[in-house]
S.K.: 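First, the structure itself, so that you have it in front of you.
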2 protein chains.
Amino acid sequence: MVQYSKKFQAVPEPTIRRMPSYLAFAEGLLRKGQQFVSSTQIANYMNIDPTQVTKDLSYTTIVGKTRVGYEVKAIVDVLSEFLGFSVMDNAFLVGAGSLGSALLHDSGLNHFGLKIEAAFDINPATIGRKINDVEVFHIDQFRDLAQELNVIMGIITVPAENAQTVADLMVAWGIKAIWNFTPARIKVPDDIIVQNTTLYSNLAIIFNKLHQEKREE
Amino acid sequence: MVQYSKKFQAVPEPTIRRMPSYLAFAEGLLRKGQQFVSSTQIANYMNIDPTQVTKDLSYTTIVGKTRVGYEVKAIVDVLSEFLGFSVMDNAFLVGAGSLGSALLHDSGLNHFGLKIEAAFDINPATIGRKINDVEVFHIDQFRDLAQELNVIMGIITVPAENAQTVADLMVAWGIKAIWNFTPARIKVPDDIIVQNTTLYSNLAIIFNKLHQEKREE
DNA sequence: AATCAATAAGGAAATTTTTCTTTAATAAAA
DNA sequence: TTTTATTAAAGAAAAATTTCCTTATTGATT
Ligand SMILES: NC(=O)c1ccc[n+]([C@@H]2O[C@H](COP(=O)([O-])OP(=O)(O)OC[C@H]3O[C@@H](n4cnc5c(N)ncnc54)[C@H](O)[C@@H]3O)[C@@H](O)[C@H]2O)c1
Ligand SMILES: NC(=O)c1ccc[n+]([C@@H]2O[C@H](COP(=O)([O-])OP(=O)(O)OC[C@H]3O[C@@H](n4cnc5c(N)ncnc54)[C@H](O)[C@@H]3O)[C@@H](O)[C@H]2O)c1
């Protein structure tokens, strides 16, 4: 089911999923002073097919040199621009519990273009605290602050049963995209972008492969 | 590139990815006392096509009743068994920092069949502490404990630059599967199962959709 | 009792994604 | 200078996944 118009959707999602890893690899090479990198090298690092790498990179403006590869600096620059990591977007996080705190502590998000401006909770014990310089407010203050700061993304890290309630609030307050870390699926209007990140799916994949191995013995 | 034999791999990975959400939904319905659920209902909750749901469930032993749907209890029982959530597997976590602590606090992992037996770190400040009843040991003690407890999975939540070092240790100590939360890709022997969980990929997908919207305006 | 509507299920078709093949370029080696 | 080997790029083919279509079943409605 298509949640949004496909007119400009040219880049496959699997490609976008791989790109941050290409970027991270290239950043590492840049730090080490390597100037060029071939699709073979990237593919080796990623454990995928080299043509997959060239296909993926062909969606960007990056062009490689035969017999040499791609300019590392170009990959870093183009890819971070392409992925939207070079402009900072503002977000609010709701649910400053275990996972929420981890995300607030993560400087990686900053590096990848996301600034968490404020956190919200309902637990009086956490409200008023600062987690890695981000203040935790009561959820009722969300509205006023969303106006002030230019916040386009809402991050949901509350218990699953409260996910829909929080999502409804976010929509009402004009959030454009929601990053949902709960296993619950939320219902929002079609024009709101939702990204579900269910860690437990990864667990299912691991178990599936483990059991497969067992069956083969 | 195939990292493992495909002989018994019949279930598509996207299917396995969706199944934990079906399960979570069914568990919710069970709590509410609902006895049957149709593919239409599940699809509506998931925001996907109903035939996708029937296809997915057809990989299991679950059979539905025409005009009625699937038995909720059967979905819960069969799916949790099928996904490997009903037998407890033991894991070690290396890197008891922000993300590591969040995972240690997460009772969801227990519910989905994963028991973190111990955590490891190199920071003297955290070693000896207990996080949600799980003790943090120095990484050097990994070996002895891995023998004692029946640990098959290693969870990596150290900084990206240390991921390979930790992975090498895990392999040396006989771990069968690695759940890697760092953006770095690790190199391990072919028989070791690796699941990379890169949260930043999700960010890239959101940004991509956001920018698409902008282009369409 | 007959009709209607909702649904599962299986197979076909369409779409998406990955892999393979060919070609051309070019750095390095002979 | 010539040859060789490596690589990017573009297109074709293959594989995987999703969506569509048809059929049969059966609970609800008339
Ligand atoms: N902790 C993890 O590592 C982890 C891993 C995977 C998934 N998750 C998911 O992330 C979500 C949060 O998990 P957690 O471990 O951080 O839980 P947690 O209990 O530590 O934190 C939840 C926080 O949300 C707050 N909260 C509850 N209802 C709220 C509301 N209506 N508005 C605002 N704040 C509210 C609570 O006060 C609490 O601080 C859960 O859905 C969980 O399944 C967590
Ligand atoms: N925090 C998040 O929300 C988040 C989100 C996405 C990805 N990540 C990734 O997860 C990883 C960890 O992030 P974090 O925020 O928890 O970092 P952190 O600095 O809070 O924690 C890292 C921990 O690993 C320990 N450590 C370092 N080297 C070690 C070694 N060789 N052996 C054992 N322990 C070692 C450190 O002492 C520290 O306690 C990073 O790769 C990060 O990119 C984190």
Side-chain angles (χ1 to χ4, degrees), chain A residues 1-19 21-22 26 29 34-72 74-75 78-79 201 205 208-209, chain B residues 1-19 21-22 26 29 34-72 74-75 78-79 201 205 208-209:
Chain A
M1 187 181 284
V2 181
Q3 247 105 336
Y4 52 90
S5 161
K6 284 237 162 166
K7 258 182 290 173
F8 293 87
Q9 161 83 31
V11 189
E13 194 169 298
T15 295
I16 293 174
R17 237 176 244 292
R18 285 185 292 266
M19 283 178 167
S21 299
Y22 300 161
L29 296 178
Q34 188 174 322
Q35 215 184 339
F36 288 94
V37 62
S38 70
S39 62
T40 319
Q41 276 181 284
I42 300 175
N44 193 254
Y45 169 77
M46 295 283 294
N47 259 294
I48 57 173
D49 197 276
T51 51
Q52 183 77 80
V53 176
T54 51
K55 268 274 150 64
D56 286 347
L57 292 180
S58 77
Y59 291 106
T60 72
T61 57
I62 300 168
V63 284
K65 268 192 189 167
T66 302
R67 196 60 222 251
V68 175
Y70 302 93
E71 206 185 332
V72 174
I75 294 186
V78 174
L79 232 44
S201 294
I205 295 169
N208 181 254
K209 289 182 184 166
Chain B
M1 189 180 283
V2 182
Q3 247 105 336
Y4 52 90
S5 161
K6 285 238 162 168
K7 256 182 292 173
F8 293 86
Q9 162 82 31
V11 189
E13 193 168 300
T15 295
I16 293 172
R17 234 176 246 292
R18 285 185 292 265
M19 282 178 168
S21 299
Y22 299 163
L29 296 179
Q34 187 172 323
Q35 214 184 339
F36 289 93
V37 63
S38 70
S39 62
T40 318
Q41 276 182 284
I42 300 175
N44 191 253
Y45 169 77
M46 296 283 295
N47 258 296
I48 58 174
D49 198 277
T51 50
Q52 184 76 83
V53 176
T54 52
K55 269 275 150 62
D56 287 346
L57 292 180
S58 76
Y59 290 105
T60 72
T61 56
I62 300 168
V63 284
K65 271 192 188 167
T66 301
R67 203 48 229 255
V68 174
Y70 303 92
E71 207 185 331
V72 173
I75 294 186
V78 174
L79 233 43
S201 293
I205 295 169
N208 181 256
K209 290 182 185 168

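Per chain, numbering begins at 1; letters A, B, ... match sequence-line order.
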S.K.: Counting heavy atoms from C-beta on, name the nucleotide in D:dT7, C:dA8, D:dT18 closest to the side chain of B:Thr54.
M.R.: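 So the side chain of B:Thr54 is nearest to C:dA8.
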S.K.: Closest approach to the side chain of A:Thr51, judged atom by atom: which nucleotide of C:dT19, C:dA27, C:dA12 is it?
M.R.: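 Minimum distance to the A:Thr51 side chain belongs to C:dT19.
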S.K.: Give a yes or no on whether the backbone of B:Asp49 and the side-chain of B:Gln52 come within a donor-acceptor separation of less than 3.5 Å.
M.R.: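 Not at all, since once roles are kept as given, no pair shorter than 3.5 Å links the two residues.
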S.K.: Between A:Arg67 and D:dA9, is there a side-chain N or O to OP1/OP2 distance below 4.0 Å?
M.R.: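 It does not, given that no N or O in the side chain of A:Arg67 lies less than 4.0 Å from OP1 or OP2 of D:dA9.
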S.K.: Which part of the nucleic acid, if any, lies within reach of A:Ser39 when heavy atoms closer than 4.0 Å are counted: base, sugar-phosphate only, or nothing?
M.R.: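 Sugar-phosphate: the residue A:Ser39, judged by heavy atoms under 4.0 Å, touches backbone atoms but no base.
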S.K.: Looking only at the side chain of B:Pro14 (C-beta and beyond, no hydrogens), which of the listed nucleotides C:dA6, C:dA24, D:dT18 gets closest?
M.R.: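 In terms of side-chain proximity for B:Pro14, the closest of C:dA6, C:dA24, D:dT18 is D:dT18.
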S.K.: So does A:Gly69 get a backbone contact from the side chain of A:Ser38, meaning a donor-acceptor N/O pair under 3.5 Å?
M.R.: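 Answer holds: no.
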S.K.: Measure the distance from CD on B:Glu71 to C1' on C:dA8 and round it to the nearest whole Å.
M.R.: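 Spelled out: CD on B:Glu71 to C1' on C:dA8 is 15 Å.
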S.K.: Calculate, to the nearest 0.5 Å, the distance between atoms OG1 and OH belonging to B:Thr54 and B:Tyr70 respectively.
M.R.: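 Separation between the atoms: 5.0 Å.
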S.K.: I'd like to check A:Val63 versus A:Leu57 (side-chain heavy atoms, cut-off strictly below 4.5 Å). Are they in contact?
M.R.: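 When only atoms from C-beta onward are counted, A:Leu57 and A:Val63 do not touch, as no gap falls below 4.5 Å.
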S.K.: Nearest-Å distance, CD (A:Glu13) to C1' (D:dT17)?
M.R.: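 It works out to 14 Å between those atoms.
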S.K.: Any base atoms under 4.0 Å from B:Lys65, or only sugar-phosphate, or nothing? Heavy atoms, all strands.
M.R.: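 If one applies the 4.0 Å heavy-atom cut-off, B:Lys65 turns out to touch the sugar-phosphate alone, with no base involved.
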S.K.: Just to confirm, is there a sub-4.0 Å distance from OP1 or OP2 of C:dA9 to any side-chain nitrogen or oxygen of B:Tyr59?
M.R.: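 So the side chain of B:Tyr59 is outside the cut-off, no N or O lying under 4.0 Å from OP1 or OP2 of C:dA9.
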S.K.: Starting at atom CD1 of A:Ile48, determine the distance to atom P of C:dT17, rounded to an integer number of angstrom.
M.R.: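 Answer to the nearest Å: 15 Å.
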S.K.: Between B:Gln41 (CD) and C:dT7 (P), how many Å, whole number?
M.R.: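 These atoms are roughly 8 Å apart.
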S.K.: Is A:Arg18 touching bases, backbone alone, or none of the nucleic acid, heavy atoms closer than 4.0 Å?
M.R.: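 The residue A:Arg18 makes sugar-phosphate contact but no base contact.
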S.K.: Whole angstroms only, please: what is the CD1-C1' distance between A:Ile75 and D:dA8?
M.R.: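 So the CD1-C1' distance, A:Ile75 to D:dA8, works out to 12 Å.
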S.K.: For the pair made of CG in A:Asp56 and C1' in C:dT16, what is the distance, rounded to whole Å?
M.R.: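 Computing the A:Asp56:CG to C:dT16:C1' distance gives 14 Å.
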S.K.: I want to verify a distance call: between D:dA8, C:dA8, D:dG27, whose nearest atom is closest to the A:Tyr70 side chain?
M.R.: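 The nucleotide sitting nearest to the side chain is D:dA8.
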S.K.: Which whole-number value in Å describes the distance from A:Lys55 NZ to C:dT19 C1'?
M.R.: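 Atom NZ in A:Lys55 sits about 8 Å away from atom C1' in C:dT19.
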S.K.: Between B:Gln41 and B:Met46, is there a side-chain heavy-atom distance shorter than 4.5 Å?
M.R.: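 The answer is no; the side chains never approach within 4.5 Å.
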S.K.: Look at all strands and tell whether B:Thr40 reaches a base, only sugar-phosphate, or nothing, counting heavy atoms closer than 4.0 Å.
M.R.: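 Sugar-phosphate contact only.
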S.K.: Over how many whole Å does the gap from B:Gln52 atom CD to C:dT7 atom C1' extend?
M.R.: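 Checked: the CD to C1' distance equals 17 Å.
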